[in-house]
Structure formats: C-alpha cells, structure tokens
Amino acid sequence: MKFSSPLTILSLLLLLQQTLLSAMADTQLIKNTCKGTPSSSLCLKILLADPKSQHADLTGLALIGVNAINNKGLKIIKQIVALKKSRPELRPALDHCAEVYHAVVDADVPSSRDALRGGVAKFAEDGMADSAVEAQVCERSFGEHGYTSPMTGSNNAMHDVANVVRAIIRKLL
Amino acid sequence: MASSSDLENPNASSALPYSYTPLPDGEQTAEPAVVLHPKKAVAILVCAFLSVGFLVALIGNSGPLLPKNLNTNVAPSTVATPAKTTPLSRGVDKGVSEKAFRPKLGADNSFPWSSNMLDWQRTGFHFQPEKNWMNDPNGPVFYKGWYHLFYQYHPDAPVWGKIVWGHAVSKDLINWRHLPIAMETDEWYDEQGVWTGSATILPDGQLVVLYTGSTNESVQVQNLAYPADPNDPLLINWVKYPGNPVLVPPPGIDDKDFRDPTTAWKTPEGKWRITIGSKINKTGISLVYDTVDFKTFELLDGVLHAVPGTGMWECVDFYPISKQAENGLDTSVDGPGVKHIVKASMDDDRHDYYAIGTYDAYKGKWTPDNPTLDVGIGLRYDYGIYYASKTFYDQNKNRRVLWSWIKETDTEASDISKGWASLMGVPRTILLDKKTKSNIIQWPVEEITALRTDATVFKKLVLEAGALVPLNLPAASQLDIVAEFELDEATVQRLNGADVAYDCAQNGGAATRGALGPFGLSVLAHDGLVEHTPVYFYVAKAVDGSLKTFFCADQSRSSTATDVDKSIYGNIVPVLKGEKLSMRILVDHSIVESFAQEGRTCITSRVYPTKAIYNNARMFLFNNATAATVTASVNVWQMKSADI
C-alpha cells in the first residue's frame, strides 16, 4: 500500500487510537479492581506481571491472581525441598510445611480455578482464604518445634498475596 | 457430543420465548475502512480530528500505574499470632483456679494433627459420605417408602470440584444406605457440574427432578431428569431428558447467575410453578417460571421477590407453613390459614436467611410480613455454619423437613489428611412459632431420639455466681442434651438495668461476665478446661427493666490447635413471659448443634479439639454471671452411632 495515502494514515491512526483506548479501559479495570484490596500496590504488581491482564475481565484478573498463588506455592515447595537438605534439623516443621503447601497447590488452586470458570466464585474465595491460613500454619510450625523460621519472607508473601486475591474474588460475588 | 446445531437450537420443537444465543467466540471484528471523499480538504480535516483524538487519549491516561518507588519486596507483615484470650478472673468461685482457663502453648501444642485426632472428628450420626467432598443437599424426597437424599459430591478430592449427584436412602432419616452416583457429568449441558436441584412429586405419583447443569462452556442451565424405572423404590438409575436444557439464562440475566431450581407447586390455573434465584447488579432476586410439562417454561414478568444489596440468591426455597396446625404442608397448599416462607442462601456472606410473608398466587409475587426482616437482611435459619439448605414436604409423616450443608472450618490440609470434608446437619422439622408468630421453630427430627441410650439426669443443681460443675458422664463425644435454666428472680428484680449492647460474636464469649450471664453447658471440654466449647445464655437487663436473652456458642477456646476457626456464634432468642430458658444440644464429635427455646434460635458449630477427644472429652455446667444464681436441670443421653 502507498504509505503516504490519506486512507492508510487514517486507518493507522484509527487502529492506534482504538488500541490505546482499549488498553486504557483495561488498565482502568485493573486499577479499580486493586482498590479495596488489602494492598493495591501488591495487587497491581501481581496483575501487571501477567500481560494477559491487559485484556482480562474481572474473572480473568482473579484467575491471574490464582495463578500467582500457584506459582508462589510451587516455588515455596522447591524452597522446602532445598531446606530439607541444608537444614535437616528442621525436618518436622518442613514436612508439615510441605503438607500444607501441597494442599494449596493440589487442592485450593484447582478448586479455585474451576470455581472461577464456573461462576461460583465463593469456592474460590474459600480456596484463597485457606491458602492464607496454610501459610500461617507453615510459619508457626517452626516455633512449635522450637526453631526460628527460615521461611518467614515466603510465608508472609503467600499470606499477603492470598488475601489480595481473595479480595479480588469477592468482587465477583 | 453435541453438534453446533444442538447449542443453537436445543429445543427444536418447543416454542421458547427467547433464543439461546451462542456464546461469542472471542474474535474481534476488524474496523471497517472509512470511505473517503475524494476532496482533500475533508480528508485533512478528518485526519486532524483523529490526531487530536489520539493526543487526547494519550494525555488522558492519568499517569503511571505503578508508583515510581514501588517496593518490590513486600514489607514483612506480622503473621497473625493466635489470640491468647485471658479470661477475666472468676472472683469468688467454687475452686477453679485461674490457670484452668488459660490456653497453654508450646509443649502442649500437638501439631501436626495426629491420625488419632483426625479419626475422632468423623461423626457418629450425621450424614456424610465415606470420603471426599460434599456440599448442597439435592432433591430430598420421600418416595415409595424411602427417604432419598441426593447431594453435591466431588468424588476425587476433599475439596469442591467437578460435582456429581451422590445418593443415599433411609427409612428413618437417620440410618442410611449409600447408593451409586445418581447423575454424572456425562452431557454437554452438565459437563462442568451436575449442580443443585429439587424434586417434585406429581399428583399421579410421578417424580421429576430439575437441576442446574454447568455446561461445557460454563453456562448455567436447568435440566430435567427422571427415574429410569419409577417402580424402583431405590431410584438407582436416572434418565436425563433428551431435550435438555429446558431453561437457559433469560435476557438480562448473566450466564453465571442462574441456578438451583426449586420444587414446583401448583398455580391457580393448574400449571406448575418454580422459582430460581439470581441477581441484577447487587439486588438478589428470584425468577418465576410456569410450566405444564417441565419441558417448556414461561417466564413470568417481574420476580417473586427482590431485596437490594443482598447479592446473588443461591438455593432459593419457597414453601407454605400453617398458621394454626402442627404439621407440615405440601408445597402446593395455599389458603387463608397459610403463610409462605421465602428462603435464600446469600452468596455474599454464606448464610441462609428466611422471611415469613404472603404469597399472591395470581401475580406470582410474595411480600414479607416485616420488610425490616426481609430475605437476606433479617432472620437466619442458623447462626453458625449452615448453608445451601433445602426443605421438602414429607408426606409420610406430614411434616416439612429441612436439610443443610455443614462445611468444615479447619484447613484444607487437615481435610486432605483425614480424607473427607463436610457433613449434613441433622434434619429438622419446620413449623411456624405459634407463640411469637414472627419466626419459625426448627427441631431435630424425632427419629434421632431412637439413638438415645444411657441417660444421666441432673435435677435442680443450684449454681451460684461463678460456679463450674463437672458432670460425671460415661462419655461425652456423642450426646443429646436437654437443659433448663432459671435465674433467681430476686436478683433479676433488684438489679439496675443498663443499656449496654451485647453481641455474641463481639463480646468475648463465655469468659465475659455480666450480672445475669453467661451460663450454660461447656461441651467437648478437657479436664482443666484447656479446651472447651461453651453453649450459653446471656441475659441483659435494660434500663427500662426489660430482659433480652442471647444464645451463643463459643469456639474461641474449643481447641489448642491454631488452624481452626474460633468464632463465637449466636443471636437473640425470644423468651416469652413465664418461659424457662431451655436449650438442646446434639454433640457429635466435630459438630455441635444447639437449639434454644424449642428451636427459636439455632447454632451449628464445627469443633476440632486435640485433647478433649475420646475418653478425655468431658462436659461442665457453668454459671459465669457475677450476680445471679442459676438453677439448672440437665438430661444427658449417650447417643448410639447410626449407619451413615
């Protein structure tokens, strides 16, 4: 096509404007969604980390949140495996942590995904509420065995993300 | 598998008032090219406008989304430590030391959960499948001599998932025989889940079921199913109507806000009528459909009822209750001696609410007697854990019976360890409270008393202020308890009232002492009360001399475990002049069901002790009031286990 043709320029401008406007609209959805969550900055970080958030509806954003929980859970499980080697004395607490994080990744996450896709978000809310509690359970298990937790950062992060995602999901009810 | 023509025209032969619009396939249509005038001037003008628009769009973006100094490391938040409630001193008391009430941590914590502790949690006489997950009760019905219970069941894990209809039968609502899965996710229209539904018995004895299917594309539709062999009293096999779905979301209703069809009732025109909960924005509503054959339906204008701000109405239930009689009524009964209940499960807060009102059969509308106690904002069936409940008319014993889903309040990790999650509450009969007329009363079905064995009776025990009395029982995990309490009149009379608000959930539980309460029973208690679950009355006297009675169940010290819910539940209970305070408690391992004043206020609790289990479970009678003496009489029956 002739680059300088007015028709070309016009079409290009229209396309660019359309893209910009639609991107703005979705960014607005993300911003509004993150308002009224326990941490809007954490919420934005989670959602914007996934490029799909740009064109997602509220259910899509919630699913992105659940994916974040899943990814974090899987990372933490790897961390637990490594700690079992480097800190064998922490084994009882680490075993308990593995158990609870498997509950998050093997039960809470799939259940929450199914619930969000099916339009029964309440089960997804329960899944995220449970994930937050499981993180606390892991953290406490060190103290119960008389040790300082080597996982405080991870457990707190999981707890905080789960509460943010729970707040996003509540907007779907 | 469905062909695309099935999706687009599910009922070729029927005259649906609306069409099933195929779901959008997600493609964006390309913008059509603008037709240009050959005149350059116009072209330049249009370009200019667009450029301005482009710039406005660019500038209009209200700044960066992320603050420039976004801290990528989450500031360490304090992981919430368990509330270490230190109860108030009991003052002059009968030999209980302060130490007894303080929950001990450290060496006394026995985590993770041992299989001993988890095994104890399974109930003796509450309906539950052998393993995995259950939620809503479905299609309860009495048919050819058997009580049927279907239920939302996830066969693969103790967590919600792709749901099928579990099935069990009973002769007495207490002992159950588990049957094969009644309906699986084997059609496109219920591929993502065979969700909640209800049964209707037609006058000729035919049984039909309407249930919600979550389609292969997660649209909520209503489907018809019926027994493969109506002569099989066990109703083992089911047939899904080939023309399903019979209902799809109507215009204006979201694909995911259309579920849980009710039992049908007769209209004055002789048609069948059902209602289905939904929402429009945040207004909870109940849609009304008429049908003659359960295959084609007519959507009525408007709704049965709506209440703004209540959100999605799940598991709507609609039924008549008699103003005078002490029996239940068939769902189709109407007339001057009848009120109608509208009940809904509120998605927003996971509680079941009901209201008493008047049904206009001609208009298909219902109005609450008291709009301030409307559906979703007024009375609840139960002030504890109780959701997705459903009644049925039991024509065998002429009563209306209520079933409800009782979820776990422990962690998913525990549910995975023990291999199961959720119970049904003990079925309850429902009647209008003929004395107050403004609430219903619920009572465990009489058949449950067949499980009572050894009784221990305590007559007129006088409990002075601060008293704590251990009750000597052979065991304390499976009990049926009936107790009566009387406050000493003299103290009640001479006491100066105070207008201080009391709320079961907010006021600190049984350890918070008032002049006239709390007093009651502490169940699933450990020696030394390291763990215990008080169920109690708290009486408050107002400045004008009137008394308000609260009925609460306190889980705050129910377990030394820190990963279980420790809320305190309860509500006001109406007490009429001359009535003694009475409570009934069913203790069944990890579930406690409490009833006050013959069922005016009910509380279901989940309790997960680590120590107050097996032979170490105890029960105490207590009066934690500061001023009044309480006289208590208690009958405690051991409960046999049922076939569950």
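All chains are named by letter (A, B, ...) in the order of the sequence lines, taking the proteins before the strands, and each is independently numbered beginning at 1.
Although no hydrogens or angles enter the test, the distance criterion places no donor-acceptor pair under 3.5 Å between the side chain of B:Asp563 and the main chain of A:Val137. With hydrogens and angles disregarded, no donor-acceptor distance shorter than 3.5 Å links the side chain of B:Gln192 to the backbone of A:Gly118.
Neither the backbone nor the side chain of A:Leu47 comes within contact range of chain B, judged by heavy atoms closer than 4.5 Å. Looking at A:Ala132, neither its backbone nor its side chain comes within 4.5 Å of chain B, counting heavy atoms on both sides. Using a 4.5 Å cut-off between heavy atoms, B:Glu412 touches chain A through backbone and side chain atoms alike. For A:Asp114, the parts lying near chain B are the backbone and the side chain together; criterion is any non-hydrogen pair under 4.5 Å. Neither the backbone nor the side chain of B:Phe258 comes within less than 4.5 Å of any heavy atom of chain A. With a threshold of 4.5 angstrom between heavy atoms, B:Ser417 approaches chain A through side-chain atoms but not through N, CA, C or O. For chain B, no part of A:Arg113 is nearby; none of its heavy atoms comes within less than 4.5 Å.
Contacts with chain A were tallied for B:Asp257, B:Asp348, B:Asp254, B:Ile416; B:Asp348 has the most, counting heavy-atom pairs under 4.5 Å. By number of non-hydrogen pairs under 4.5 angstrom with chain B, the leading residue of A:Ala129, A:Cys34, A:Ser111, A:Ser141 is A:Ser111. Counting heavy-atom pairs under 4.5 Å between each of A:Leu173, A:Asp106, A:Asp108 and chain B puts A:Leu173 at the top. Note: A:Val120 leads A:Val120, A:Val133, A:Val104 in heavy-atom pairs under 4.5 Å with chain B. If you tally non-hydrogen atom pairs under 4.5 Å between each of B:Lys162, B:Glu314, B:Lys282 and chain A, the highest count goes to B:Glu314.
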Test B:Trp160 against A:Asp126 for side chain to side chain contact (heavy atoms under 4.5 Å, CB included), laying out the working first.
CA-CA 10 Å; B:Trp160 185 86; A:Asp126 289 349; over 6 Å; no
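Considering NZ of A:Lys122 and CE of B:Met312, their distance stands at 8.5 Å, rounded to 0.5 Å. Here CD of A:Gln136 is found 11.5 Å from OG1 of B:Thr411. Values are rounded to the nearest 0.5 Å.
Using a 4.5 Å heavy-atom cutoff, the side chains of B:Lys256 and A:Thr59 are not in contact.
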